[in-house]
Each structure stands twice: as C-alpha cells, then as structure tokens.
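A short write-up of the structure that comes next.
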Amino acid sequence: MTIEQHITKLAKSAVQALYNAEVDEAQVVLQKTRPEFEGNITLVVFSFAKQARKAPQVIASEIGEWFMANGNGLISKYNAVQGFLNLCISDSFWVEQLEQIDQDADYGRQADRNQLMMVEYSSPNTNKPLHLGHVRNNLLGYSIAQIQEANGWKVVKTNIVNDRGIHICKSMLAWLKYGNGETPESSGKKGDHLIGDYYVRFDKEYKKQISELMSQGKDEESAKKEAPLILEAQEMLRKWEANDPEIRALWAKMNEWVYAGFDETYRRMGVSFDKIYYESNTYLEGKSEVEKGLANGQFYRREDGSVWADLTKDGLDEKLLLRSDGTSVYMTQDIGTAKLRFQDYPIDKMVYVVGNEQEYHFKVLSILLDRLGFPFGKELVHFSYGMVELPNGKMKSREGTVVDADDLMDKMVEDAKEISKDKVNTLQGVTEEEANEIARKVGMGALKYFILKVDPRKNMLFNPEESIDFNGNTGPFIQYTFARIQSVLRKAESSPASSVSIKQLEEKELTLIQRLCEYPVVVRTAGDNFSPAVICNYAYDLACEFNSFYHDLSILNEKDEQKRALRLLLAKNVAKVLRSAMGLLGIEMPERM
RNA sequence: GGUCCGGUAGCUCAGCUGGAUAGAGCAACAGCCUUCUAAGCUGUGGGUCUCGGGUUCGAAUCCCGACCGGAUCACCA
C-alpha cells in the first residue's frame with residue numbers, strides 16, 4: 001500500500017470517528033507539504049468542513065490528534081495551519097519503502113493487463129529525408145510505446161511507409177529529367193537526401209512553368225493544373241497504378257535508396273518497429289473496401305467517376321475517397337492499412353502518432369471505418385502532437401527551410417564531444433572509442449530530452465541559431481547525475497546492503513525516498529496522458545534533489561556505517577529509477593561522463 | 001466564416017482532475033572545487049499567470065465573453 005492509500009484510509013476513519021460522517025475518497029485531498037512547513041504529506045481538510053460543522057483549523061487539529069492516537073506510529077508529528085494538516089511520516093516507514101524499492105527490479109512497471117496496443121508512428125513519405133518535425137514524431141512515438149509497455153500493455157510499434165503517390169512520382173520524374181543517372185554511390189549522398197534533392201528540383205521547375213504560363217495570361221489556378229510537369233507526374237502515377245514495368249522498376253530502385261537512408265537515421269535515433277506496412281501493399285485493400293462501401297450504399301459516385309462519402313450528418317463535409325481517374329488518396333490507403341492491421345493482430349487499442357494538422361483526417365477516418373463495419377473505428381486514438389516551429393514560422397521541405405534530422409544529430413554529438421574535452425579528469429583512461437560512445441549518448445540525450453520535455457500537445461520552438469543546452473534542465477544534467485552515482489558505486493567496492501537500521505533520516509534523504517516512492521504513479525500518469533513530458537519533469541526533480549543531497553552529505557566518507565549503508569542504497573536506487581525513467585524516453589545513460 | 005488548440009518572468013518551458021506566498025532552466029549578477037565527477041551546488045534581481053465577467057471558503061487551474069497567435073475545413077499527404 002502506498003503512503004497516500006494509508007492516509008486516505010486513516011482520514012476516512014478519523015472523520016467517521018470524530019464527526020460521525022461518511023466521506024468518499026475524492027474528498028480526501030492529499031498533497032506534498034510545501035517546503036516552508038514541517039511535514040511530508042498534507043491533508044487538506046476544507047472539504048470536510050460542511051459535514052464536520054467546524055472551522056477548518058479545528059478540524060485539522062482534531063484529525064491530527066486522532067492520527068497520533070490511532071495511526072499505529074505511521075505519523076510521528078503533525079501541525080495544523082488553517083485547513084492544512086501537515087503530517088510527518090515516521091522515518092522507519094520511509095526506510096522500509098526504500099528497502100522495498102530496492103527489492104523490485106522492475107520498480108515502476110505496472111502489472112500486465114494482457115491487452116494489445118498498436119502504436120503507429122514515423123510514417124514517412126519516401127520523397128525526402130527526415131527533418132526535425134519527424135524527429136519529434138519518432139521520439140514521441142517510441143517513448144509512448146515504452147511508456148505504455150511499462151503500464152502493462154503489450155505494444156506493437158508500427159510504421160506505415162507512404163511509398164507511393166504523387167509525391168514520389170515528382171521526385172522520380174525530376175530524377176529522370178535532370179538526374180543523369182545519379183545514384184547514392186556516384187554522388188556520395190545518402191539515398192533519402194538524394195531523392196529529396198530531386199523533390200525540391202521538381203518544385204523549382206514546376207514553379208518556373210507556372211509563372212511562365214501565368215505570364216502568358218493564365219490565372220494561377222489553371223496554370224498549376226496545366227503545367228506540363230504536373231501532368232507528367234500525374235500520368236506517371238496512373239502508369240504506376242497500372243503496373244507499368246518500367247515505372248515500377250524505377251520506383252523500386254529509388255525507394256530502396258530512401259529506405260537505406262531512413263534505416264540509418266532510425267538507427268541513430270534509436271527507434272525501431274515491430275511491423276512495417278507499405279502503402280503500396282495496402283492501398284488496393286483500401287480501394288476494395290471503398291468499392292464495398294459503394295456497393296452497399298455507404299458512399300456514392302459522381303458523374304466524373306470520383307467516389308465520395310457524405311459526412312454532413314456527422315457535422316463534417318463530403319470527403320473524396322477515389323479520384324475521377326480511379327487513383328486512390330491518403331484516406332483510401334489508411335482504410336486499407338487499418339483493415340490489414342486488425343487482420344494481423346488482436347488489437348485492443350490503435351494509436352496513431354500524427355501531427356495535430358491531421359486532426360480532421362482522423363476524425364473522418366474514425367467515422368469511415370465505423371461505417372464500413374469495423375468495430376475498432378470509433379475507438380481509434382489520434383495522439384495529436386504540436387508542430388515544431390522555427391523563429392520565422394513553420395518548416396517547409398519544398399522551400400528548404402527545414403532542420404535536417406541527420407545534420408542535427410551530427411551537430412549534437414559534435415557539441416557533446418567538444419564539451420567533454422574539458423573533462424580530462426573524469427574521462428582520463430577512457431579510450432577514444434568509449435569517448436565517442438559517451439558523446440553519442442550525451443548528444444542524443446540532450447536532443448531527445450529537449451524535444452520530449454515539452455507537453456506533446458503544444459507547438460514548440462526550435463531556434464537553429466541557439467545550440468541546445470547541456471546545462472540546467474537537460475538530458476545531460478540527468479545523465480551526469482547518473483554517472484556521478486555510478487562513480488560512487490564503483491568506489492564503494494562492495495555492493496550496498498539491502499537492509500539498514502536507521503533511527504533518524506536527514507531531511508534530504510527523506511525527500512529523496514519520498515520522490516522515489518512517486519515513480520509508479522508518475523509512470524501511470526504519463527501513460528494515461530500519453531505524455532513523456534511527465535517523465536521528464538519527474539526525472540529532473542529527482543536528479544535535482546539527488547545533486548543537492550550529494551552536495552550536502554557525504555556517502556563514502558560517512559563514518560557511521562548504517563548511515564553510509566543507507567546513503568549507498570539510496571544512491572543505487574536513485575540511479576535505478578533515473579535509468580528506468582530515461583529508458584522510457586529512449587535516452588541511454590553513460591556510466592561516466 | 002465554422003471547428004479545434006494555445007496565450008504563465010527578457011527567452012524556452014513546468015504547474016491546469018481548484019488549495020498555503022505561481023516554479024525551473026537559459027540569460028544577468030554574487031559566492032562555492034587540496035575531501036565521493038563544478039555538465040554540479042548556493043544566493044540576488046526578474047510576474048497585472050492576455051483582458052473582462054462568473055462559480056467558491058479558495059481560481060494560473062473550472063464556466064462564459066472578448067483580444068492575440070496557430071492548425072484545419074483539397075481530385076495534397
């Protein structure tokens with residue numbers, strides 16, 4: 001039983017005994033005692049005032065007194081300030097808690113709930129390399145998967161690769177026209193970057209054609225529709241769907257280049273997938289579902305041959321499902337992908353990690369799946385996160401205003417390497433290889449924490465002019481705290497005793513134990529809210545408190561053996577929880593730094 | 001225009017299922033390394049929690065209304 005559960009129970013009994021009144025658990029408000037008052041936990045008694053018919057101050061005192069008499073020694077002291085009853089929990093209770101935490105190798109992990117959650121994230125288009133926006137998506141997706149797993153879900157991480165469609169045709173066309181057979185090998189470029197360059201090239205040439213047409217008197221809209229390049233790209237897409245062997249071969253070749261590039265980027269980011277779907281394999285499934293819906297009257301066909309869903313009854317618009325030329329759109333393939341996934345896995349919850357700009361899309365998808373008779377349609381979760389913005393606005397691939405994922409990771413690791421050069425003392429005797437590994441962990445840790453610490457729902461700002469910090473509320477700060485502990489544990493020689501006999505705790509020791517006790521609740525909250533940021537905040541608080549403890553109290557040089565043992569045990573478990581928490585964020589911990 | 005999201009210190013962000021005097025980091029300033037890693041610790045200054053109403057013992061937090069910013073409402077993905 002947690003301390004909160006203990007006190008809640010006691011509080012209910014107290015109110016019953018003292019005022020002969022029944023209170024429900026929601027009325028029992030507990031919070032951490034503010035540092036300016038003495039105590040660990042505070043019971044807020046305002047909510048009892050009505051039933052007790054007394055002033056809050058009096059209630060607090062009376063309950064405090066009752067706790068002292070009936071609390072079985074759990075509460076060692078109390079003080080009442082207005083309606084706040086501040087409780088000191090006995091030191092022996094805290095020491096016991098620490099010992100229990102130490103015994104639990106999976107501390108923080110919730111019981112297996114025997115249900116399967118599929119988490120889709122990343123979902124790249126194969127026409128350009130990944131940028132900072134994708135980085136946020138990948139880190140959030142991976143972290144959410146870890147967090148839900150810790151909350152007892154069986155998690156399947158999945159990726160839907162948008163490998164077909166007009167966008168990839170644009171890159172292909174530009175490569176055919178201007179590429180002179182360039183390959184990743186011949187150019188020395190990473191495959192995804194090479195393809196991205198042609199995507200940008202297409203846009204450039206296309207814009208030229210548009211302005212040419214406009215100078216000939218066309219209005220912008222028809223110029224965009226009639227430019228030869230876009231017509232050619234559309235023709236290419238039709239040929240692709242018609243299985244034209246030449247187009248298919250080119251498509252397969254260029255996609256392979258991109259995948260090789262993505263794999264490299266994913267590997268560096270430390271994200272992975274259990275099952276990858278390709279749009280080219282799912283869109284036909286989607287088409288046939290749409291045909292079925294058409295046949296049973298869910299959808300309708302317009303005169304030009306295009307197929308639509310009427311969603312006006314749901315308060316939405318009409319939605320295109322198949323173009324007049326018969327080709328499919330984004331929505332079509334998402335229907336097909338969903339169907340295949342539910343064939344492949346016994347999914348209890350389907351989560352899509354996709355930016356908030358697509359909220360409308362998922363609202364529609366949910367309704368369409370439901371109409372097509374898929375029981376999971378209504379239940380799907382769109383984990384909608386905010387955009388990454390630059391100081392001058394959104395990133396736009398076609399305009400080249402993007403922060404490239406590979407470049408950014410390079411830069412972070414370089415910066416970490418640069419900073420570590422000053423650490424000649426602590427990193428002495430470390431091989432070049434180990435030093436590089438530390439720089440990789442620290443640089444990536446800084447990047448990941450920087451992104452994950454902000455509330456996922458909110459837009460976040462990234463200023464490329466300012467480098468990401470390595471001091472303060474950062475990943476490296478937490479890694480550093482961990483490395484310090486490892487250093488102490490190495491020097492301690494024998495491993496910490498698992499049980500200690502301590503009469504009185506120092507304030508900073510107690511604070512740390514209390515913080516460790518919160519971890520399981522934090523994991524649950526992060527899961528319920530789909531928020532890695534909750535984990536970040538917790539890890540930061542824990543690291544701060546440890547550093548303060550470390551500064552004030554000596555561990556290895558403590559003469560009292562029991563105190564030394566307690567502090568070692570405490571340090572060991574702080575490290576354990578820090579590693580676990582950071583693991584939920586996909587951040588690795590260096591043994592030294 | 002409809003719908004959704006956001007607005008907290010100079011900057012980046014916590015806090016939001018209502019609780020005590022609103023917190024961190026960065027930046028600025030002042031201290032702390034012959035003792036377990038100074039990527040650390042301690043302190044100072046910095047606020048009309050966008051504004052106005054309402055609910056209540058109590059509102060940054062909940063409700064309503066303004067204002068500002070963003071997203072979305074495609075035969076794009």
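It should be emphasised that the depicted structure is a prediction, and the values quoted were computed from it without experimental measurement. Note on naming: letters A, B, ... go to the chains in the order of the sequence lines (proteins, then strands), and numbering restarts at 1 for each one.
Under 4.0 angstrom from either OP1 or OP2 of A38(B) there lies at least one side-chain N or O belonging to R484(A). A sub-4.0 Å separation between OP1 or OP2 of A14(B) and a side-chain N or O of K458(A) is present. In this model, the phosphate group of A71(B) is not approached by any side-chain N or O of N459(A) to a distance below 4.0 Å at OP1 or OP2. Applying the 4.0 Å criterion to OP1 and OP2 of U12(B), one finds that K453(A) has every side-chain N and O outside that range. Between R457(A) and C5(B) there is no side-chain N or O to OP1 or OP2 distance below 4.0 Å. For A39(B), the OP1/OP2 oxygens have a side-chain nitrogen or oxygen of Y480(A) closer than 4.0 Å. For the pair K423(A) and A38(B), the criterion of a side-chain N or O lying under 4.0 Å from OP1 or OP2 is not met.
Separation of the C1' atoms belonging to A77(B) and C73(B) is 16 Å when rounded to the nearest angstrom. Between U61(B) and U50(B), the two P atoms lie 8 Å apart (nearest whole Å). Comparing the P positions of C67(B) and G10(B) gives an interatomic distance of 25 Å, to the nearest angstrom. Taking atom C1' in both G23(B) and A14(B), one finds a spacing of 7 Å when rounded to whole Å. Here the separation of G58(B) from A22(B), taken at their C1' atoms, is 15 Å to the nearest Å. For the P atoms, the distance from G7(B) to G43(B) is 29 Å, rounded to whole Å. Nucleotides U12(B) and G2(B) place their P atoms 30 Å apart, quoted to the nearest Å.
Closest to the N473(A) side chain, of the nucleotides G25(B), G40(B), A20(B), is G25(B). For S487(A), taking side-chain heavy atoms from C-beta onward, the closest of the listed nucleotides A77(B), U37(B), A39(B) is U37(B). Listed nucleotides: A39(B), U21(B), C36(B). Nearest to the side chain of R34(A): U21(B). When the nucleotides U12(B), U72(B), U37(B) are ranked by their closest atom to the side chain of L461(A), U12(B) comes out on top. Distances were taken from every side-chain heavy atom of K491(A) (C-beta onward) to each of U37(B), C26(B), G25(B); the shortest belongs to U37(B). Comparing U37(B), A77(B), A39(B) by their nearest atom to the side chain of T426(A) picks out U37(B). Of the candidates C13(B), G70(B), A20(B), the closest approach to any side-chain atom of F37(A) belongs to A20(B). Checking C36(B), G19(B), A74(B) against the side-chain heavy atoms of N557(A) singles out C36(B) as nearest. The side chain of N537(A) lies closest to G15(B), out of C76(B), G15(B), G40(B). Distances were taken from every side-chain heavy atom of E359(A) (C-beta onward) to each of C36(B), A39(B), C4(B); the shortest belongs to C4(B).
By the 4.0 Å N-to-carboxylate-O rule, E389(A) lies too far from R136(A) to be salt-bridged with it. Between R592(A) and E434(A) there is no salt bridge, since none of the side-chain N atoms of the basic residue sits less than 4.0 Å from a carboxylate O of the acidic one. Ion pairing between E414(A) and K411(A) fails under the 4.0 Å rule for side-chain N and carboxylate O. The existence of a salt bridge linking E437(A) and R440(A) is confirmed by a sub-4.0 Å separation between a basic side-chain nitrogen and an acidic carboxylate oxygen. Taking 4.0 Å as the cut-off between side-chain N and carboxylate O, K224(A) and E220(A) count as a salt-bridged pair. Classification of R515(A) and E545(A) as a salt-bridged pair holds, one side-chain N sitting under 4.0 Å from a carboxylate O.
Aromatic ring centroids of F362(A) and Y352(A) lie under 6.0 Å apart. Ring centroids of Y283(A) and W240(A) are separated by less than 6.0 Å, placing the two rings close together. Separation of the F546(A) and F549(A) ring centroids falls under the 6.0 Å cut-off.
We find that the ring of F46(A) and the base of G19(B) stack, their centres lying under 5.5 angstrom apart and their planes tilted less than 30°.
Within residues 547-554 of chain A, the residues approached by RNA chain B to less than 4.0 Å at the level of any non-hydrogen atom are N547(A), S548(A), Y550(A), H551(A), L553(A), S554(A), in residue-number order. Within a heavy-atom distance below 4.0 Å of RNA chain B, the residues of residues 322-330 of chain A found are R323(A), S324(A), V329(A), Y330(A).
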Could you go step by step and tell me if D163(A) and W251(A) meet the side chain to side chain contact (heavy atoms under 4.5 Å, CB included) rule?
CA-CA 9 Å; D163(A) 62 346; W251(A) 168 80; 3.5 Å; yes

Go through L43(A) and F48(A) one step at a time and tell me if the side chain to side chain contact (heavy atoms under 4.5 Å, CB included) criterion holds.
CA-CA 11 Å; L43(A) 175 66; F48(A) 308 149; 4.3 Å; yes

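For A20(B), its base sits under 3.5 Å from the side chain of T42(A) at one donor and acceptor pair at least. No hydrogens or angles were tested; on distance alone, nothing pairs the side chain of E36(A) with the base of A20(B) as donor and acceptor under 3.5 Å. Judged by distance alone with a 3.5 Å cut-off, a donor-acceptor contact links the side chain of N86(A) to the base of A20(B).
Cation-pi check for R302(A) over W308(A) is met; the charged atom lies under 6.0 angstrom from the ring centroid and within 45 degrees of its normal.
Base orientation of C33(B): syn, the glycosidic angle falling within 90° of 0.
At whole-Å resolution of the value, CZ in F362(A) and P in C73(B) are 13 Å apart.
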